[in-house]
Amino acid sequence: MEEVRVRIAPSPSGNLHIGTARTALFNYLFAKKNNGKFVLRIEDTDAERTSQAYIDNIFDSLKALGLNWDEGPDVGGPYGPYTQSERFDIYPKYVQELLDKGFAYECFCTPEELEAEKEEATKNKKPYVYSKKCENLTEEQKAKLRAEGRKPAIRFNIQKAQKAFHDSSILKFDDLVKGELHMDTDLLGDFVILKSNGTPTYNFAVVIDDMLMKISHVIRGEDHISNTFKQILIFEALGAEVPRFGHLGMILAPDRSKLSKRHGATAVSEFVEKGYLTNALINFVALLGWSPSDGQEIKTVDEIAQDFRIGEISSSNSIFEYDKLNWMNSHYIKMLPIEELKEKLKPYLTKYDLSELTDAEYTRMVEVTREPLTLLSDITDAVPYFFGDDVEIEPEVQTDVLDTEISQNVLKEFVSQAQNWDWTEENLHEKLEIFRGEFKEKGIKPKVTMWAIRAAVTGRTKGADMTAILAIIGKEKSIKRSKAAIK
RNA sequence: AGCGGUAUCGUCUAGGGGUUAGGAUAGCAGAUUCUCAUUCUGUUGACACGGGUUCGAAUCCCGUUGCCGCCGCCA
């Protein structure tokens, strides 16, 4: 069997979209599963919308997700260049071949003429297809048009190609995920393959690139299905081997529209900035359409690759809901080795002076505050009381907790006892247990006792393990804050 | 409008001519803890609709509807 070669071909007109990341993942999984090659190609034929920043973002995001490519613009490969704008000189040859074979023709129509055709179609409630007005222009007519200064675009002759290679006007192909797909090509209009400015259009450039790069399987979004019919005909007209195609359902926003900015993050890098782990992201996105045979949903990309069968991917669209992503992210945060987590949390702790804590204290702080984190960024608001001398008391905490007589009594007792305590976490744990016990005998619930201390020391009624907090911030600060809360 | 795709709990999905239609997440309830959270246990919740085939349809067939996509000298 021939080598499996797949590709992801993003257009750098924006940061790497989460949908593109999923397409890239399925290509990557397919390559891994079949010992094939995963190729990255940058489709930047539209110079206006392209920027280097986007190209960098695509590279970085793909790498962060662990989707490493075997061939691409940066690493090279036998079928380069892998950036479309650097391939402009190789397309004309194939345009000429199509022209010579009679599968393409020059079109001198102006944008206005084309527009008129479209309006006519909408007026008659008919689907628009190009009229083929320029299909049979004589050499004299062309010369005349050229003399007027008109530059022709090149159109592909759909029906001619269809007739040359198929018995009827119905074109079929066997889709890797959707099964047999068919289309009446008489309903398709002759489309432009070379713009009048000499640059190739998407539908033409992809075919040439996929052919030259020996791509064996094209796995992409189902929004490309109609392009596929056109592209198959070009492959055939060129006498090239037609790759196998597989079309994935789309990722939709909760309102079933296209996932866009208005729904929140769309780019992988935005999710990362918000505090999502790339492991969680890629795992989550894999579950949109694919499901594990063993029911175990938490899996690394390599584990998924083992279990991956493209024919088992769901062929319907799926909705991107944050619930499960969030659950998965918090799960991955819990699983993260502590040293790694400490590093990943630092960008979200810049408003605090980390030098106030020793490394051991910082480690402990992360250990006791990681549990409730959904996003890495949640750490910011979870830890203010570990820093600074004083603490900000929430208004309701002041009135509901600190102002009560019980709390005042607890704090007075706490301050007087704690002066003499040995300030290690183990000892504090023991002492506080006894402390709670003493108040319990006076009819005060342990919960209430601890609330008083927690409120005074952290300014809040909820948070991490109280013993650990006291140990981390130290005896001096703990007592100072407690005293400050006593009236 | 036309063409194409698609349809199982709110969501992601498993399954598939006779099942208590399974799991995950979210929701709800309870247990545990100094609080919140975590964790654990329990629980609510689905085969779009109509016809056909059949002893029997959620499953097969046809149609309808909804939703998505495509109809560019964008990619």
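No hydrogens, no waters, no symmetry mates; every other heavy atom, side chains included, goes into these values. All chains are named by letter (A, B, ...) in the order of the sequence lines, taking the proteins before the strands, and each is independently numbered beginning at 1.
In this structure, the nucleotide among B:U35, B:A75, B:C73 sitting nearest to the side chain of A:Tyr202 is B:A75. The side chain of A:Lys178 lies closest to B:U6, out of B:A75, B:A26, B:U6. Of all nucleotides listed (B:U11, B:A75, B:G69), B:G69 comes nearest to the side chain of A:Lys258. Nearest to the side chain of A:Ser291, among B:U13, B:A75, B:U6, sits B:U13. If you check B:C36, B:C73, B:G4 against the side chain of A:Arg155, the one that comes closest is B:C73. Comparing B:C73, B:G5, B:U38 against the side chain of A:Lys334 picks out B:U38 as the nearest. In this structure, of B:C34, B:C3, B:U25, it is B:C34 that holds the atom nearest to the side chain of A:Thr467. The side chain of A:Glu371 sits closest to B:U38 out of B:C12, B:U38, B:A75. If you check B:A37, B:A1, B:A75 against the side chain of A:Pro127, the one that comes closest is B:A1. Listed nucleotides: B:G23, B:C73, B:G5. Nearest to the side chain of A:Lys324: B:G23.
Remark: P of B:U6 and CE of A:Met250 are 15 Å apart, rounded to the nearest angstrom. Atom OH in A:Tyr91 sits roughly 16 Å away from atom C1' in B:C73 (whole-Å rounding). Distance CZ (A:Phe88) to C1' (B:C73): 13 Å, rounded to an integer number of Å. The distance between atom CD1 of A:Ile333 and atom C1' of B:U39, rounded to the nearest whole Å, is 17 Å. Remark: C1' of B:U33 and CG of A:Asp465 are 10 Å apart, rounded to the nearest angstrom. Note: CD1 (A:Ile298) to C1' (B:U25) measures 11 Å, nearest angstrom. In this structure, CD1 of A:Ile251 is placed 16 Å from P of B:C68, rounded to the nearest angstrom. Rounded to whole angstrom, the span from the CZ atom of A:Phe229 across to the C1' atom of B:G4 amounts to 7 Å.
Residue contacts shown for A:Gly463 include a base, since a base heavy atom lies under 4.0 Å away. Within 4.0 Å of A:Glu297, counting heavy atoms only, lies at least one base atom of the nucleic acid. The residue A:His247 sits apart from the nucleic acid: no heavy atom pair falls under 4.0 Å. Residue contacts shown for A:Met466 include a base, since a base heavy atom lies under 4.0 Å away. A:Ala205 comes within contact range of no nucleotide atom at all, as no heavy-atom separation falls under 4.0 Å. Note on A:Ser316: only backbone sugar-phosphate atoms sit closer than 4.0 angstrom, heavy atoms only; bases stay farther off. Counting non-hydrogen atoms under 4.0 angstrom, A:Asn124 reaches nothing in the nucleic acid. A:Leu181 comes within contact range of the sugar-phosphate backbone alone, with a heavy-atom separation under 4.0 Å but no base atom that close. Note on A:Gly221: nothing from the nucleic acid sits closer than 4.0 angstrom, heavy atoms only. At the heavy-atom level, A:Asn227 lies under 4.0 Å from base atoms of the strands shown.
Between B:G52 and B:A57, the two C1' atoms lie 11 Å apart (nearest whole Å). Using atom C1' as the reference point in both B:G23 and B:G45, the two lie 14 Å apart (nearest Å). Comparing B:G15 with B:A7, their C1' atoms sit 16 Å apart, to the nearest whole Å. Comparing the P positions of B:C67 and B:A75 gives an interatomic distance of 31 Å, to the nearest angstrom. The C1' atoms of B:A29 and B:A14 are separated by 27 Å, rounded to the nearest whole Å. For the C1' atoms, the distance from B:U53 to B:G17 is 11 Å, rounded to whole Å. Spacing of P atoms, B:U8 relative to B:C68, comes out at 15 Å, to the nearest Å. Going from the P atom of B:U41 to that of B:U25 covers 11 Å, rounded to whole Å.
No hydrogens or angles considered: a donor-acceptor pair under 3.5 Å links the side chains of A:Lys132 and A:Gln159. Under the 3.5 Å distance criterion, with hydrogens and angles disregarded, no donor-acceptor pair is assigned to the side chains of A:Asn203 and A:Thr201. A:Ser314 and A:Ser316 share a donor-acceptor pair across their side chains, judged by distance under 3.5 Å alone.
Residue A:Arg256 places at least one side-chain N or O under 4.0 Å from the OP1 or OP2 atom of B:U11. Regarding contacts with the backbone of B:A75, every side-chain N or O of A:Ser13 stays at 4.0 angstrom or more from both OP1 and OP2. Listed pair A:Arg436 / B:C34 meets the phosphate criterion, a side-chain N or O lying under 4.0 Å from OP1 or OP2. For A:Thr45 and B:A75, the shortest distance from a side-chain N or O to OP1 or OP2 is below 4.0 Å. For the OP1/OP2 pair of B:C74 and a distance below 4.0 Å, the side-chain nitrogens and oxygens of A:Arg49 include no atom meeting the criterion. Remark: A:Lys195 is in phosphate contact with B:A75, judged by side-chain N or O atoms under 4.0 Å from OP1 or OP2. Put simply, A:Trp451 has no side-chain N or O that comes within less than 4.0 Å of OP1 or OP2 on B:U35. Using a 4.0 Å cut-off, some side-chain N or O of A:Ser318 falls inside it from OP1 or OP2 of B:U13.
Between A:Arg22 and A:Met450, it is A:Arg22 whose nearest contact on RNA chain B lies nearer the 5' terminus. The nearest heavy atom of RNA chain B to A:Asp255 and to A:Val192 marks one nucleotide each, and the one closer to the 5' end goes with A:Asp255.
Using N1 to N3 plus N6-O4 or O6-N4 for Watson-Crick, or N1-O2 and O6-N3 for G-U wobble, each under 3.5 Å, B:U65 pairs with B:A7. Nucleotide B:A37 forms no Watson-Crick or G-U wobble pair with any nucleotide shown, as no partner meets the under 3.5 Å limit on both distances. Using Watson-Crick or G-U wobble geometry with both donor-acceptor distances under 3.5 Å, B:A57 finds no partner in any strand shown. Base pairing annotation: B:G72 forms no Watson-Crick or G-U wobble pair, as no partner gives both donor-acceptor distances under 3.5 Å. Across all strands shown, B:G42 pairs with B:C28; the Watson-Crick or G-U wobble distances both stay below 3.5 Å.
Between A:Phe245 and A:His247, the ring planes are parallel. Angles under 30° get that label, and only those over 60° would be called perpendicular.
Test A:Arg146, A:Arg155, A:Lys133 against A:Glu106 for salt bridge (Lys or Arg N to Asp or Glu O under 4.0 Å) and you get one pass: A:Arg146.
The neighbour count for A:Glu405 CD, taken as heavy atoms of other residues, nucleotides or ligands under 6.0 Å away, does not exceed 12. A:Lys142 NZ: more than 12 foreign heavy atoms inside a 6.0 Å radius. Around NZ of A:Lys442, the count of heavy atoms belonging to other residues, nucleotides or ligands within 6.0 Å exceeds 12.
If you check distances only, the side chain of A:Thr201 never reaches the base of B:C73 with a donor-acceptor pair under 3.5 Å.
Considering all non-hydrogen atoms of both residues, A:Arg481 and A:Tyr385 come closest at NH1-O, 2.8 Å.
With ring centers used as reference points, A:Tyr202 lies under 6.0 Å from A:His224.
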